[in-house]
Amino acid sequence: MALTTQQLMQYKRQERLIVALTAWDYAIAKVLDAAGVDLILVGDSLAGVLGYETTVPVTLNEIVHHAKAVRRGVNRALLVVDLPFLTYQASQEQAMYSAGRVLKETGAQAVKLEGGYPAMAETVARLVQAGIPVMGHVGLTPQSIHQFGLRQQGKSLETGEQILAEAIALEAAGAFAIVLEHIPDQLALQITQKLTIPTIGIGAGPHCDGQVLVTADLLGLSERQPPFAKIYVNLREIITQAVQNFGVEVREGKFPEDKSGGDN
Ligand code: KIV
């Protein structure tokens, strides 16, 4: 049975930590789902897989295309899809169209969007009223890279209070969960204690209700890792070795093996 947004909220009440990862295709999604990941996000970190420098160029068509493939690999996890930059900020109508497209065309259960400033909280409320579950995302918001960079957010009292206020506004607007990215541990703790919906941290310390990583980082496939990422396996090295072994065997005529016994 597929996990629901309500079950995820129940996890927080049960103090059961939520495991979340990103996915970009069918094969990866199937592995993550079978390994027991609770929430699979088709994030706009898809940018890395597509060879973009930032998340800004990712389009709605691209994320929909990848989310459809991921959907086919997911049975149990809750599937959430990012709304890419400028597919929801322009107006509530634009957000409704983009989020509706994601749900209708990909079969995902929810969308994620960045920011909790007043106009965005209103947009979230409108989406939720229309039956579209929304996961918020505050702190470091990579779609605003050209405004804030990729540094840790919420370090001063003032910016910390602003992020807390955004998280509260998103909960009031009906978000079912919030990603807290690259903020101080104590701020994440404060937000997690204040909210009744789960917080999912990435570079936000150990006090969140769950953790998410970009799967390409966890697998050692990303060209650049953020400082808070942990590489659990270095697939870049393992793949390079395997490909080199294949190259050597082909060039030396060892692959494929000659099974004909000499007479073709
Ligand atoms: O796009 C993404 O992968 C994300 C995660 C960093 C949470 O938003």
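One-based numbering, in listed order, for ligands and for the atoms of each. All residue numbers refer to positions in the sequence shown, counting from 1.
- Scanning all heavy atoms of the two residues, the minimum distance from P206 to D185 falls at CD-OD2, 3.6 Å.
- In terms of polar-atom proximity, defined here as any N/O pair under 3.5 Å, D82 does make such a contact with ligand 1.
- In summary, R126 and E93 engage in a salt bridge, as defined by a charged side-chain N under 4.0 Å from a carboxylate O.
- Shortest contact from atom 3 (O) of ligand 1 to any protein heavy atom: S45 OG, 2.5 Å.
- Interface atoms of ligand 1 facing T22, defined by a heavy-atom separation under 4.0 Å, are 3 (O).
- Checking N245 against E249 by side-chain atom types alone, no donor-acceptor pair falls below 3.5 Å.
- For ligand 1, the polar-atom distance check against E181 finds no nitrogen or oxygen pair separated by under 3.5 Å.
- Each of the atoms 1 (O), 2 (C), 3 (O) of ligand 1 lies under 4.0 Å from some heavy atom of G43.
- Using a 3.5 Å distance cut-off with no hydrogens or angles, the side chains of Q7 and T4 do pair a donor with an acceptor.
- In this structure, K30 is not positioned above the aromatic face of Y26 in the sense of NZ or CZ being under 6.0 Å from the six-membered ring centre and within 45° of the axis.
- At a threshold of 4.0 Å, the pair R16-D209 does not count as salt-bridged, since none of the basic side-chain nitrogens sits closer than that to a carboxylate oxygen.
- At a heavy-atom distance under 4.0 Å, no atom of T55 approaches ligand 1.
- At a heavy-atom distance under 4.0 Å, atoms from both the backbone and the side chain of D44 approach ligand 1.
- Within the listing of ligand 1, atoms 8 (O) sit less than 4.0 angstrom from a heavy atom of H137.
- From E237, atom CD reaches atom CG of L221 across 11.5 Å, with rounding to the nearest 0.5 Å.
- Every atom of ligand 1 is numbered from 1 in the order shown, and the set under 4.0 Å from a heavy atom of I202 is 6 (C).
- Between P227 and Q152 there is no side-chain heavy-atom pair separated by less than 4.5 Å.
- Within the 4.0 Å heavy-atom criterion, the part of L41 lying near ligand 1 is the side chain and not the backbone.
- Summary of contacts: the protein heavy atom closest to atom 8 (O) of ligand 1 is K112 NZ, 2.8 Å.
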